[in-house]
Amino acid sequence: MVESSPYSDARLTLPEASCFAVVLVEPRIPQNVGNIARLCTNTGTPLWIVGSVGFVAHDKHLQRAGMDYLDKTVIHHVDDWQAVEDQHP
């Protein structure tokens, strides 16, 4: 028999705006980007992608890893690191 956890009914409450952000610089592995995007969606954390991406958005590995979450993920794609610093001094 499995005992119930006192935390089993707890709900995670996220702040309106996250104080963290995840930044990927020139990501090359679609599975990693998909998994990180899913993590960002579930934690309410914005995802920043800096520079070029080494795969196409319809890559089968990206789709399998988290593409179904992308419409709910806050993603910012910028050309260089300076653009990130300009928006977050």
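All values below come from the heavy atoms of this structure, side chains included, with hydrogens, waters and symmetry mates left out. Computed from a predicted model, the values in this text were never measured in an experiment.
- Val74 and Val22 fall into different hydrophobic clusters, defined by Ile, Leu, Val, Met, Phe, Trp and Tyr side-chain heavy atoms under 4.5 Å apart, directly or through other members.
- Within the model, atoms OG1 of Thr73 and CD1 of Ile36 stand 11.5 Å from one another, a figure rounded to the nearest 0.5 Å.
- Across Ala21 and Thr45, no two heavy atoms sit closer than the pair CA-CG2, 3.7 Å.
- In this structure, Leu47 and Leu24 have side chains that are in contact, with non-hydrogen atoms separated by less than 4.5 Å.
- Side-chain contact between His77 and Ser52 is absent, with no heavy-atom pair separated by less than 4.5 Å.
- Note on Val53 and Val33: same hydrophobic cluster, where clusters join Ile, Leu, Val, Met, Phe, Trp and Tyr whose side-chain heavy atoms are under 4.5 Å apart, directly or indirectly.
- A heavy-atom distance below 4.5 Å is not found between the side chains of Pro27 and Asn32.
- Nearest heavy atoms, Val50 versus Asp80: CG1-C, 3.5 Å.
- Applying the ring-ring contact (aromatic ring centres under 6.0 Å, His included) test to His76 and every residue at least two apart in sequence or in another chain returns Trp48.
- For the 3.5 Å distance criterion, the side chains of Asn35 and Gln31 fail to qualify, holding no donor opposite an acceptor.
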